[in-house]
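Input: a single structure, listed below in structure tokens.
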Amino acid sequence: MSVELTRQDEFAVVTLNRPEALNALSAAVLRELDQAFDAVAAGDARALIVTGAGAKAFCAGADIKELTGRSLSAQRRDAAYGQAVLARLDELPMPSVAAINGYAFGGGLELALACTFRLAVPTAKMALPEIKLGLIPGYGGTQRLPRVVGEARALELILSGRTLDAEEALRIGLVHRIAEGDPVAAAIAYARTFSVHGLPALKLARDAVKRALDVPLHEGLKLEADLNTLAFQTRDAAEGMSAFMEKRKPKFTDR
Ligand code: DAK
């Protein structure tokens, strides 16, 4: 298997496991990733950690050896499939954290961008280098990178294809933290800052924020009011407010 799904405490860990090709996203890896997300969605993990096997790479991008000699319609279909697999991270009931343990190039950085949060080891290198191959990003990079770092920085990175180190990635907001020590352990420690909260509220908040840059402010505010009203209907909201009044910690049940 080129994608492994394991469990560490209350967290699911998906590991791209093709270190001999720097965990490149072949068609087979994308299919296995899709299946791993099925299993994660059906499970009860509080968060998903996504990482790469080995010390060298998170993921060196789409498998370049598979990208040549195909018809335009096959390329179009495969780009749509890759986009759809990565977009599943938004639909998971729990937030996700990319533990970037080395190179995150092209499709690898696009996978990290599709996660809710990103941590990178100090030696990590990140880029969207597709332009150097005569291509442009195909798995969401042109859409998610500007939403994360702004249009000006995204254009500069996509048109130059240049490589960022972890410090610069942190400075421009591409990653949330530098991971000291083991990247998966660091990602789990990071996930504990939100995993105590109820999954329904976490999902409603993710949905609201995701839409913020897609719609005009007045529509976004309406959506927020609707989702906020939905949050009030959950048992977790009743429990959270009761716990506050009773000066105790809430016991959320994700309902
Ligand atoms: N695909 C396939 N194999 C890869 C690979 C990749 N992306 N990256 C590395 N490998 C393989 C190498 O070929 C080598 O295998 P062997 O030659 O030993 O068999 C092995 O991994 C180790 O790599 P290196 O020997 O190159 O290792 P180095 O430490 O010297 O260099 C590196 C590490 C990350 C700087 C270098 O490997 C590198 O530049 N890799 C390629 C990075 C890159 O350009 N990634 C692709 C970006 S383009 C689309 C869908 C998606 C996309 C486009 C279109 N459609 C469906 C339309 C997106 C495309 C991309 O992601």
Side-chain angles (χ1 to χ4, degrees), residues 1-4 14-37 50-90 98-115 118-149 153-169 174-175 179 183:
M1 295 290 276
S2 304
V3 174
E4 277 181 2
V14 161
T15 306
L16 302 180
N17 189 16
R18 221 189 144 207
E20 69 285 359
L22 305 188
N23 303 318
L25 293 174
S26 61
V29 169
L30 276 174
R31 277 196 302 276
E32 287 185 35
L33 204 50
D34 206 2
Q35 288 161 7
F37 292 159
V50 180
T51 195
K56 202 168 168 184
F58 173 75
C59 169
D63 191 314
I64 299 173
K65 293 163 191 171
E66 287 184 358
L67 284 180
T68 54
R70 291 181 311 171
S71 68
L72 282 181
S73 62
Q75 295 284 23
R76 184 76 177 71
R77 186 197 58 218
D78 291 354
Y81 178 65
Q83 288 177 352
V85 173
L86 270 49
R88 295 196 60 193
L89 286 156
D90 279 339
I100 303 174
N101 55 307
Y103 291 110
F105 278 7
L109 183 55
E110 290 172 302
L111 172 61
L113 281 165
C115 291
R118 285 160 293 286
L119 269 65
V121 296
T123 53
K125 303 272 186 243
M126 285 152 265
L128 290 179
E130 287 85 347
I131 205 83
K132 297 179 182 173
L133 301 169
L135 298 171
I136 72 167
Y139 294 154
T142 65
Q143 303 305 300
R144 291 199 178 89
L145 188 63
R147 283 169 166 78
V148 171
V149 303
R153 285 190 171 116
L155 276 171
E156 193 248 319
L157 293 172
I158 292 168
L159 270 60
S160 69
R162 80 176 173 85
T163 300
L164 296 173
D165 62 17
E167 275 300 329
E168 184 177 2
L174 177 55
V175 301

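One-based numbering, in listed order, for ligands and for the atoms of each.
In this structure, Thr142 OG1 and Arg147 CZ are separated by 9.0 Å, a value rounded to the nearest 0.5 Å. Note: Asn23 CG to Thr15 OG1 = 9.0 Å, rounded to the nearest 0.5 Å.
Ligand 1 has at least one atom lying under 4.0 Å from a heavy atom of Lys56. Heavy atoms of Gly82 come nearer than 4.0 angstrom to ligand 1 in no pair at all. Ligand 1 lies within reach of Ala21, whose nearest heavy atom is under 4.0 Å from it.
Counting only heavy atoms of the protein, atom 22 (C) of ligand 1 lies nearest to Leu22 CG, 3.8 Å. For atom 1 (N) of ligand 1, the nearest protein heavy atom (residue, atom name, distance) is Ile64 N, 3.0 Å. Remark: minimum distance from atom 52 (C) of ligand 1 to any protein heavy atom is reached at Gly138 N, 3.9 Å. For atom 14 (C) of ligand 1, the closest non-hydrogen atom on the protein side is Glu20 O, 4.4 Å. Among protein heavy atoms, the minimum distance from atom 60 (C) of ligand 1 is reached at Glu130 OE2, 3.5 Å.
Screening Val175, Val121, Thr51, Leu174 for a side-chain contact (heavy atoms from CB on, under 4.5 Å) involving Ile100 leaves a single residue, Val175. For the side-chain contact (heavy atoms from CB on, under 4.5 Å) with Pro137, the lone residue among Ile158, Leu109, Leu145, Leu113 that qualifies is Ile158.
The Asp78 neighbourhood of ligand 1 comprises atoms 56 (C), with distances under 4.0 Å to a heavy atom of that residue. Counting the atoms of ligand 1 from 1 in the order shown, those under 4.0 Å from a heavy atom of Gly61 are 61 (O). Residue Asp63 has at least one heavy-atom neighbour below 4.0 Å for each of these atoms of ligand 1: 1 (N), 2 (C). In summary, the atoms of ligand 1 found under 4.0 Å from a heavy atom of Gly107, numbered by their order in the structure, are 60 (C), 61 (O). Residue Ala60 has at least one heavy-atom neighbour below 4.0 Å for each of these atoms of ligand 1: 7 (N), 8 (N), 42 (C), 43 (C), 45 (N), 46 (C). Distances below 4.0 Å separate heavy atoms of Ala79 from the following atoms of ligand 1: 55 (N), 56 (C), 57 (C).
Taking the side chain as every heavy atom from C-beta outward, Thr163 and Tyr103 never approach each other to under 4.5 Å.
Under the salt bridge (Lys or Arg N to Asp or Glu O under 4.0 Å) criterion, Glu167 pairs with no residue at all, not counting sequence neighbours.
The nearest pair of heavy atoms linking Asn101 to Ala57 is ND2-O, 3.2 Å. Closest approach of Arg70 to Gln75, counting heavy atoms only: NH2-OE1, 2.7 Å.
Among Lys125, Arg76, Lys65, the residue whose heavy atom lies closest to atom 12 (C) of ligand 1 is Lys65. Counting heavy atoms only, Ala62 comes closest to atom 7 (N) of ligand 1 of the residues Gly106, Pro19, Gly140, Ala62. When Leu109, Thr163, Ile136 are ranked by how near their heavy atoms come to atom 53 (C) of ligand 1, first place goes to Ile136.
For atom 19 (O) of ligand 1, the protein comes within 4.0 Å by at least one heavy atom. For atom 25 (O) of ligand 1, the protein comes within 4.0 Å by no heavy atom at all. There is no protein heavy atom less than 4.0 angstrom from atom 30 (O) of ligand 1. For atom 50 (C) of ligand 1, the nearest protein heavy atom lies closer than 4.0 Å.
No more than 12 heavy atoms of other residues, nucleotides or ligands sit less than 6.0 Å from atom CZ of Arg76.
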side-chain contact (heavy atoms from CB on, under 4.5 Å) between Arg118 and Val148, intermediate numbers included: CA-CA 11 Å; Arg118 285 160 293 286; Val148 171; 3.9 Å; yes
Audit row: Leu111, Val85, side-chain contact (heavy atoms from CB on, under 4.5 Å) steps and yes/no: CA-CA 9 Å; Leu111 172 61; Val85 173; over 6 Å; no
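Only the side chain of Leu133 comes within 4.0 Å of ligand 1, judged by heavy-atom distances.
We find that Glu168 and Arg162 are joined by a salt bridge, their nearest charged nitrogen and carboxylate oxygen being less than 4.0 Å apart.
Here the side chain of Glu32 pairs a donor or acceptor atom with the backbone of Ser2 at under 3.5 angstrom.
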